[in-house]
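Below is one structure; the comments refer to it alone.
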Amino acid sequence: QVQLVESGGGLVQAGGSLRLSCAASGRTFFSTYVMVWFRQVPGKEREFVAAISGTGLSTRYADSVKGRFTISRDNAKNTVSLQMNSLNPEDTAVYYCAATRGTVYTQTFNSWGQGTQVTVSS
């Protein structure tokens, strides 16, 4: 079991940048988990944003964020990050990290964080 806590959200103007972080804890091996970022707007289901394999060698991105967002991880520190550049108001959402023992294509997850709010003003 792994516990996840997101941080780094906030208010930013369109065109700006934010870096989100997700810290994992618990009696587990962080490197065995594929880590995934999702986002959610009230009234809508969670939207996939980015995923990274346990080694960090494989990544996947939603088309809407390709070229703007970068997912990375530091297994020595049990963290995964999401660097978000060129933000626009459509990126406004609560961002969640999740962990799975599957692949970057896996649809089900073992753990979820509580989320961090990202608000992009026009």
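This is a predicted model, so every value here is computed, not measured.
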Original post:
Looking at side-chain heavy atoms only, is the closest gap between Tyr33 and Thr100 below 4.5 Å?
Top reply: no
Subject >> Closest heavy-atom pair and its distance - Arg46, Phe38 >> reply: CB-CD2, 4.1 Å
**OP:** Hey, could you give me the CD1/OG distance between Ile52 and Ser72, rounded to the nearest 0.5 Å?
**Re:** 6.0 Å
**OP:** Starting from the C-alpha separation in whole Å, work towards a yes-or-no answer on side-chain contact (heavy atoms from CB on, under 4.5 Å) for Cys22 and Trp37.
**Re:** CA-CA 9 Å; Cys22 176; Trp37 284 99; 3.8 Å; yes
**OP:** Taking all non-hydrogen atoms of both residues into account, name the closest pair between Val34 and Ser53 and its distance.
**Re:** CG2-CA, 4.0 Å
Subject >> Residues that Tyr61 engages under ring pair (Phe, Tyr, Trp, His ring centres under 6.0 Å), provided they are two or more places apart >> reply: none
**OP:** Locate the shortest heavy-atom distance separating Ser58 from Val104; write the atom from each residue and the value.
**Re:** O-CG1, 4.1 Å
Original post:
Same cluster or not: are Val36 and Val94 linked, directly or through other Ile, Leu, Val, Met, Phe, Trp or Tyr residues, by side-chain heavy atoms under 4.5 angstrom apart?
Top reply: yes
Original post:
Is a side-chain donor or acceptor of Ser21 paired with a backbone partner of Ser81 at a separation under 3.5 angstrom?
Top reply: no
Original post:
For the atom pair CG (Leu87) and OG1 (Thr119), what is the distance rounded to the nearest 0.5 Å?
Top reply: 11.0 Å
Original post:
Are any non-hydrogen side-chain atoms of Val41 and Thr92 less than 4.5 angstrom apart?
Top reply: no
Show me the donor-acceptor pairs, under 3.5 Å and distance only, between side chains in residues 5-19 and residues at least two apart or in other chains.
from	atom 1	to	atom 2	distance (Å)
Glu6	OE1	Gln114	N	3.0
Glu6	OE1	Gly115	N	2.7
Glu6	OE2	Cys97	N	2.8
Glu6	OE2	Gly115	N	3.3
Ser17	OG	Asn85	OD1	2.9
Arg19	NH1	Gln83	OE1	3.2

Subject >> Nearest-0.5 Å distance that lies between atom CG in Asn78 and atom CE in Met35 >> reply: 9.5 Å
Original post:
Do Val80 and Ile71 have side-chain heavy atoms sitting under 4.5 Å apart?
Top reply: yes
**OP:** Considering only Ile, Leu, Val, Met, Phe, Trp and Tyr, and joining two whenever side-chain heavy atoms are under 4.5 Å apart, list the other residues clustered with Phe29.
**Re:** none
Original post:
Between Phe109 and Ala98, which heavy-atom pair has the shortest distance, and what is it?
Top reply: CD2-CB, 3.7 Å
**OP:** Mind checking salt bridge (Lys or Arg N to Asp or Glu O under 4.0 Å) for Arg39 and listing every partner two or more places apart, or none if nothing turns up?
**Re:** Glu47, Asp91
Subject >> Cation-aromatic face contact Arg73/Phe30, 6.0 Å, 45 degrees >> reply: yes
Subject >> Nearest-0.5 Å distance that lies between atom CG in Leu20 and atom CE in Met84 >> reply: 3.5 Å
**OP:** Mind listing the closest non-hydrogen atom pair of Asn75 and Ser31 along with its distance?
**Re:** ND2-CB, 3.5 Å
Subject >> Lys44: salt bridge (Lys or Arg N to Asp or Glu O under 4.0 Å) partners, not counting sequence neighbours >> reply: none
Original post:
Could you state the interatomic distance from OG (Ser121) to CG (Asn88), rounded to the nearest 0.5 Å?
Top reply: 11.5 Å
Original post:
Do the ring planes of Tyr95 and Phe69 sit parallel (below 30°), tilted (30 to 60°) or perpendicular (above 60°)?
Top reply: tilted
Subject >> For Ser25, side chain to side chain contact (heavy atoms under 4.5 Å, CB included) partners two or more places apart >> reply: Gln3
**OP:** State whether the side chain of Thr103 and the backbone N or O of Tyr105 hold a donor-acceptor pair below 3.5 Å, judged by distance alone.
**Re:** yes
